[in-house]
Structure formats: structure tokens, C-alpha cells
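The block underneath contains the structure these notes are about, expressed in C-alpha cells.
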Amino acid sequence: KSGDSSYVPMNTGENLSALLKLSFKLFDGLRFSYLYSKSDEAYFGYDHGFKYNPDGRAGSYKETSYGSFQLNHMINPKLFYELKVSYLDNYTGNYLFKDPLDYSIDEVGDTVYSYIHDKYLENYGSGFFTGGQQKNHSILSMIDETFKFDLNWQANYNHNIKLGLLKISHDVDQQWREIRNKYDGEASLSDIYKPEIFGDTTVYADLYKVEPQEGAAYLQDKMEFDNMVINVGLRYDVFDPASVYPSNRRNPSNQLTYKDTSGVLIDSLTSTNLNAEIIDQISPRIGFAYQLGNEAVLHFSYGHFFQMPPLYSMYQNHSFLIPPNDHGTTMGNVLLEPEKTITYEIGLWQELTRGLSLDVALFYRDIYNLLSAQVFSTYNQIEYGLYSNKDYGNARGLEVKLDMGLGALKGMLNYTLQYTRGNADSPTQTFTRDGANMDPVNRFIPMSWDQRHTLNGTVMFFGKNYGTTLTAYYNSGSPYTFSPQSESVLSRINLYPNNAYKPSTTSLDATMYYNFKLMGRYHGKIDLTIYNLLDRLNENWVDGQTGRAYTAIIKDTDLAGHRSDFNEYEDRIQNPAMFSSPRMFKIAVGINF
């Protein structure tokens, strides 16, 4: 805590991006384009525990290079195709120093390591870290090579046929390490520090390189008749994990050995690596719109949608090692099935008067095979988590859209009423509750994105050389888990997660532009965007005991345990990250030529 008391910005980012696009028309009907973009960004987010030690925070880094070649060929007015080949190189990292063994040499020739001893990472008394560092160190490099082909054929007056093919090759390199002290556990050398990292044969690292493949094909027929438009489609998705899995989940890495009386290993208690099977799914989709007179349209849609779980849930802990303690790891599973969403929607669009229309729609979504973490027990009764497809959720609601147009003045109003329910709010909810000796959730609970009311309104004015847009937002509160203090009788009740709702939020954004002429053929443009124009403090998250930001139930024992000569106890609960961002201005200047 011997800092210089200076103010340090703790929610900062630096971003550099560039884009190049070239388009050529070789001859009538044939055009190709090349696109290349590059971005490099570094971000340090606010961490309340490191308020008095900002230099100890790890940062997030991202570098992206993207290149694509696209060919458009119109064979005749009724038939054209599009071919696109792209390459994406994406690097993300989270660390304080990129090299976990980073060091320098001081004036006397001694080695000084950038990472320091964990004994300085102490928050006793004040509730804040006044020394030490965050030592999470992860790097993920992913290269995606994509091939995409789309064909559009207007077969006749009534039928428009679309055909598509997609292939994506992934190259994933994951490196997560825990930075350890080489002298950890040696009492006589407890004050000496030398950073050390381990390979994938230990529980202190998770390193893997995999090359999964995915592909898709679709066929769609758009049928247009005098009063009706029907869309019928079929999509086929396939995913190859290109990896292995252990045959015996109770002894996945053969850390346990069991022999019979003659000293021969018992095969039924050992594990072998098996190749993961290819995962595929067929998804039908249908939609129609029926015109009711000249001023109303009835529309309906039904579809199956396929989404693979995130890659970490398939490949995490790729060495299959189990720590000696219960609930010490969660293991990936290459046998995961795709998350499947079945959607239904029916609605009516009605023109109320000239320039004013209303669209009302009812929707329902079933979400199957949601990601979960199943509890497994080894032969020596050590429990760990294995990602699986056990959870289910659904969403239902009503959406109302009102569009208005009156010359240069336009407006839109959108209201959504929604209910979302599921048997788990996060993939590890069941696993975490089991580790805390809590009962499993045996009922549907609100999901974290369950927002009962959402209302957005936009008013736009477009003049010849200037214009402005105002957008207002209202969102009712999303769920949080109310946790009563132990002295309350409510603490003896088995309260489910997401049992209460945060306060509602409102905001207003404004955008303005002005066009002007420069010399000759040049034109200039100035854009001004003001986010949160009214500078409203919206509560993004709240205290679990009070349901409000910057408030908490403080007991005498809490105050008695506070030991600090530079802050008060209330400093612990007044976390500015609880609130949304304050008013922000963004200005852009452009030249067109």
C-alpha cells in the first residue's frame, strides 16, 4: 500500500484496425473482390479487488487477420452463383506478461523475474490486494479456412431455388498454464521465488492442438404465388471433432492401476483412447406469408437450428488428468451433441394508415441438449465434472413493432414480452452445487437473460446535409440470486438460483451527422454519437443480500474485522463496475472522393 496515491484509469483499451477492399469487374456478369482486414487490441478491465494495485491486473489481448476472395458470376438473368474463400487467423490471450518466465537483469547482474512471489497477494484487513499479481496465463490461437458456395436459380415465375455448400477447417492451439513457484512446499526456501511452468502431463497446464472440421449443405425453394409466399428448406450439418476420448470415464488417464493376484493389469478397469465419431444433423425449415387484402400479411415460420457447443467444452483437460481433490477439474467431451433449437413464430403485419404499420408476432423456442457438467466419480471416489448435454430451456413471448414514415421524419417502436426458463442457468451449475453440498435444482428456473419487458424507440430525421437519430431503451430487470444473511429465517429455505430480479434500466443515445463540400469532388462528413445522453446510472449487477448496487448489509463483526489505515469498510461494497458506463462521446470525421 506504499503507492503514490495517483489516479490510474482501470478500464482502458487500445485498438488499431485497418481494412482494404479491391473489387474488379472483368466483363459483364463476372465480378470478383478481395478483402483484407487487420486488428490489434489490448484491453484492461476494472477489477475492484485490485483498486489499489492496478499494475497487478492481467490484460486481454486480441490480434485478428482476415482475408477473403469472392467471385460473383451471373450466368444469365435467372441463374448466378457466388464463391467465397476466406482465411481467419485469430489470437487471444489473457496474461500480465506474455512470457510466463519473463525476466530482466539488474545493475549487479542478478536475474529479476517479472512475476513475483505469491506472498504479496494478500488482502487481509483492507479487503483489497495491495501487492501481488494475477497469474492466470492463457493463449488461444485459432485459424479458420472457409469455403462457401451459393447458387441462386429463378426456375420459373413461381419457384426460386437456392443451393449452398459450406466447409470450415479449424486449427486450434490452446495453451493454459498455472505459474507456480519452483520452491513451493520447501519450508527453508519459502521466501525465494522462481516462476515455473509445467507441460500437459500435469494438472497445472491444459495444452492441446486439434483440427476439427465442419461442413453444411442446404437447399431452399421460395414459392411465390398471387397471395402467398412459401419458403421450404432443408439443411444438413456435420462436425468432425478429429480427436479421441477415454473409454473408461472412471479411470480416464489410467492414473489408477489395478492388478489381479498374478500381477496382470485388469483391462476392464483401464482406459484406452477411442476416436470420436462424426456428428451430423438434418434441420428442416418452413415459412409462409399470406396476403390478406392489400394492407395485411399473415406470416408463420418453423425451423430447426443446429449449434455446436463451444470448443472448450469439447477439448478442455485434453490429457484427462484428475486432481487428487474432489471437484478439482471439468473435462471436455468430444461426444457432445449439438445444441438444438426448434422455433415457432406466427404474426400479422397490418398497415394502419398511410406511412404507419403494425407487426405483432408470437414466438416459442425449445432449446434441447444445452451444455451441462455431469458429475463423475473415479474408482478411488474422486469426483470431477464432464461436459454433457443434459439441460433444457425454452423461451416464449410476444413482439410488437410499429413503423412510421412521414417525409424526412421516421420512427420505430419495438416491444418484446418474453419468458425464458430452463433447468440450469450455466453449464457448470449442477456441478458447482454438488461441490458445495447443495441440492440439485429439480424445477425450471428463470435464465439469466430472462427479461420480461423490453421497449426500444427510435426517431430519425434525414435532411439534405444533416440529420439526427434519437434511440431510447427500457429494459426490465434481469434475474439475480438473492442470498439472505445467515441470521435470517429465509436462509434455512432452499432458495433456487435466479430467484429475484434487478431494477429496470433506461438509456438514451443520440447520433448526429453533417455533410459538407470540400475542394472539387471531395465531400466531408462529421458524425457525433452520444451514448447514455442523460448520464443515467443503471445497475448492471447488485448485491446478493440487498438487491441494489452500492448497498450491503454490514454487521458489527464485519466492521470489527476491518483493519486498514487507508480505506473504510464501505469501500469494499462500492464497486463502480456495478453500474453501466457514464455518458460517452464519439466523433468521427470522414472524406469521400
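All residue numbers in this chain count up from 1 along the given sequence. What's counted below: heavy atoms across the whole structure, side chains too, no hydrogens, waters or symmetry copies.
When only modelled atom types and interatomic distance are considered, E224 and N160 share no side-chain donor-acceptor pair under 3.5 Å. Looking only at atom types and distance, the side chain of D221 has no donor-acceptor partner in the side chain of N231 under 3.5 Å away. Checked by atom type, the side-chain pair Y312/N317 shows no donor-acceptor distance below 3.5 Å. Between the side chains of Q350 and D359, no donor N or O sits under 3.5 Å from an acceptor N or O. Using modelled atom types and a 3.5 Å distance limit, the side chains of H170 and Q213 yield no donor-acceptor pair.
Taking 4.5 Å as the limit, every side-chain heavy atom of V441 sits out of range of all side-chain heavy atoms of N423. Looking at heavy atoms from C-beta onward, D509 lies out of side-chain contact with I530 at the 4.5 angstrom threshold. H318 is listed as a side-chain neighbour of V210, based on a closest heavy-atom distance under 4.5 Å. Within the 4.5 Å cutoff, the side chain of R365 has heavy atoms near those of the Q418 side chain. Side-chain contact between K340 and Q281: present, with at least one pair of heavy atoms (C-beta onward) separated by less than 4.5 Å. Annotation: side chain of L413 is in contact with side chain of L455 (closest heavy-atom distance under 4.5 Å). Taking the side chain as every heavy atom from C-beta outward, T506 and R536 approach each other to under 4.5 Å. Contact annotation: the side chain of M142 approaches that of L311 to within less than 4.5 Å [non-hydrogen atoms, C-beta and beyond].
Around CG of L19, the count of heavy atoms belonging to other residues, nucleotides or ligands within 6.0 Å exceeds 12. At most 12 heavy atoms of other shown residues, nucleotides or ligands fall within 6.0 angstrom of atom CD in E568. Within a 6.0 Å sphere centred on CZ of F462, heavy atoms belonging to other residues, nucleotides or ligands number more than 12.
Shortest non-hydrogen contact noted between P427 and Y387 is CB-CE2, 4.2 Å. The two atoms that bring D326 and E383 nearest to each other are OD1-N, 2.8 Å, heavy atoms only. Shortest non-hydrogen contact noted between L371 and P309 is CD1-CB, 4.4 Å. Closest non-hydrogen pair, G303 versus R285, comes out as CA-CG, 3.8 Å. Shortest non-hydrogen contact noted between P212 and Y315 is CB-OH, 3.5 Å. Considering every non-hydrogen atom in both A424 and Q429, the closest pair reads CA-NE2, 3.5 Å.
Scanning for side chain to side chain donor-acceptor pair (under 3.5 Å) contacts around D434 gives H327, with sequence neighbours left out. Partners of L96 according to the side chain to side chain contact (heavy atoms under 4.5 Å, CB included) rule, which considers only residues two or more places apart in sequence or in another chain, are Y115, Q133. Annotation: side chain to side chain contact (heavy atoms under 4.5 Å, CB included) contacts of K390 (sequence neighbours excluded): S372, Q374, S388. The side chain to side chain contact (heavy atoms under 4.5 Å, CB included) search around N15 returns S17, E41, not counting sequence neighbours. By the side chain to side chain donor-acceptor pair (under 3.5 Å) test, Y474 pairs with no residue at all, sequence neighbours left out. Residues passing the side chain to side chain donor-acceptor pair (under 3.5 Å) test with Y501 are D450, R452, sequence neighbours excluded. Applying the side chain to side chain donor-acceptor pair (under 3.5 Å) criterion to D403, with sequence neighbours excluded, gives no partner residue. For S141, the side chain to side chain contact (heavy atoms under 4.5 Å, CB included) criterion is met by Y91, I139, D173, not counting sequence neighbours.
For F128 and H48, the distance between ring centers is under 6.0 angstrom. For Y95 and Y61, the distance between ring centers is under 6.0 angstrom. Between F50 and F129, the distance from one ring center to the other falls under 6.0 angstrom.
For the pair D571 and K51, the salt-bridge criterion is met [side-chain N within less than 4.0 Å of a carboxylate O].
Taking OG of S86 as the start and CD1 of I168 as the end, the distance is 8.0 Å to the nearest 0.5 Å. Annotation: the span from Q220 atom CD to I286 atom CD1 amounts to 11.5 Å, rounded to 0.5 Å. Taking CE of M314 as the start and CG of L336 as the end, the distance is 5.5 Å to the nearest 0.5 Å. Remark: N499 CG to T481 OG1 distance equals 5.5 Å, nearest 0.5 Å. To the nearest 0.5 Å, atoms CG (L386) and CD (Q316) are separated by 10.5 Å. The CG atom of N90 sits 5.0 Å away from the NZ atom of K62 when rounded to the nearest 0.5 Å.
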Let me have the donor-acceptor pairs involving side chains of residues 551-561, under 3.5 Å, with sequence neighbours excluded, atom names and distances please.
from: T551; atom 1: OG1; to: T546; atom 2: OG1; distance (Å): 2.8
from: T551; atom 1: OG1; to: R548; atom 2: O; distance (Å): 3.2
from: D558; atom 1: OD2; to: K555; atom 2: N; distance (Å): 3.0

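For residues 572-584, the pairs satisfying side-chain hydrogen bond (donor to acceptor under 3.5 Å, both in side chains) are H562-R572, with sequence neighbours left out. Counting only residues at least two apart or in different chains, ring pair (Phe, Tyr, Trp, His ring centres under 6.0 Å) contacts with residues 344-372 comprise Y302-Y344, Y368-Y392. Sorted by first and then second residue, the pairs that involve residues 527-552 and meet ring pair (Phe, Tyr, Trp, His ring centres under 6.0 Å), not counting sequence neighbours, are Y550-F579.
A cation-pi contact, defined as under 6.0 Å to the ring centre and within 45° of the axis, links R396 to Y419. Note that K525 lies in the cation-pi zone of Y513, set by a 6.0 Å cut-off to the ring centre and a 45° limit from the axis.
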(message) As a quick check of understanding, evaluate side-chain hydrogen bond (donor to acceptor under 3.5 Å, both in side chains) for S448 and D425, giving each step before the final call.
(response) CA-CA 6 Å; S448 57; D425 184 48; 3.3 Å; yes

(message) Between Y514 and Y466, does the ring-ring contact (aromatic ring centres under 6.0 Å, His included) criterion hold? Intermediate values first, please.
(response) CA-CA 4 Å; Y514 176 69; Y466 61 92; 7.3 Å; no

